[in-house]
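In what follows, a structure is listed as structure tokens, so that the remarks can point back to it.
Keep in mind the model is a prediction, meaning the values are calculated, not measured.
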Amino acid sequence: MADYQERLLKADEIVFIFPIWWEAMPAMTKGFFDKVIAKGIIYDEPQQGKIFVNKLVNLKKVKLVTVMATPHLLYRWVFGNPVTKIVFRGTFRKMGFHKVKWLNYANMTKLSNEERTKKLRIFGNKIIK
């Protein structure tokens with residue numbers, strides 16, 4: 001964990017890439033958040049119940065890249081966008097960090113290999129920005 005924490009403290013950009021399973025992140029990814037983004041190392045809580053203090057002083061951007069079988073609008077409006085609530089609201093915004101971007105690739109199981117390849121090309125251009 002210490003190695004990942006050290007990397008995060010030095011990072012100017014963090015990119016999380018994972019699939020959405022059962023409307024949330026895989027357990028290993030959640031475990032990363034639970035263990036690595038630790039109070040006293042990555043953030044402080046000076047007063048209980050108040051906004052956290054972000055110790056990621058070099059951080060300029062956080063990007064979340066997900067892929068899922070669920071249609072995007074269904075995920076957003078019916079399921080309530082749980083992954084962005086966990087990653088953005090429940091983690092980074094709680095620490096006072098607001099420069100977050102979500103790139104979601106939905107309905108991927110319904111696409112042909114050609115369509116997936118095209119999306120990958122477009123993704124390459126988007127992730128750089």
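With E13 as the partner, the salt bridge (Lys or Arg N to Asp or Glu O under 4.0 Å) test is satisfied by one option alone out of K101, K63, K99: K63.
K61 and F97 get closest at one heavy-atom pair: N-CZ, 3.7 Å.
For R89, the CZ atom counts as loosely surrounded, since its 6.0 Å shell holds 12 or fewer non-hydrogen atoms of other residues, nucleotides or ligands.
Proximity of a side-chain donor or acceptor of T91 to a complementary backbone N or O of I86 within less than 3.5 Å is detected. Under the 3.5 Å distance criterion, the side-chain polar atoms of K85 are matched with a main-chain donor or acceptor of G80.
Atom CD1 of I37 is separated from atom CD of Q5 by 9.5 Å, given to the nearest 0.5 angstrom.
Remark: E6 engages K10 in a salt bridge, criterion side-chain N to carboxylate O under 4.0 Å.
In this structure, V65 and V15 have side chains that are in contact, with non-hydrogen atoms separated by less than 4.5 Å. At least one side-chain heavy atom of F18 sits less than 4.5 Å from a side-chain heavy atom of L64. Side-chain contact between K55 and D44 is present, with at least one heavy-atom pair separated by less than 4.5 Å. In this structure the side chain of M95 reaches within 4.5 angstrom of the side chain of I42, judged on heavy atoms.
No single ILVMFWY cluster, assembled from side-chain heavy atoms under 4.5 Å apart, contains both W21 and M25.
Using bins of under 30°, 30° to 60° and over 60° for the plane-to-plane angle, the ring pair F33/F92 lands in the perpendicular bin. Aromatic ring pairs are classed by plane angle as parallel below 30°, tilted from 30° to 60° and perpendicular above 60°; the pair Y75 and W102 is tilted. By the 30° and 60° cut-offs, the orientation of the rings of Y43 relative to F52 is parallel.
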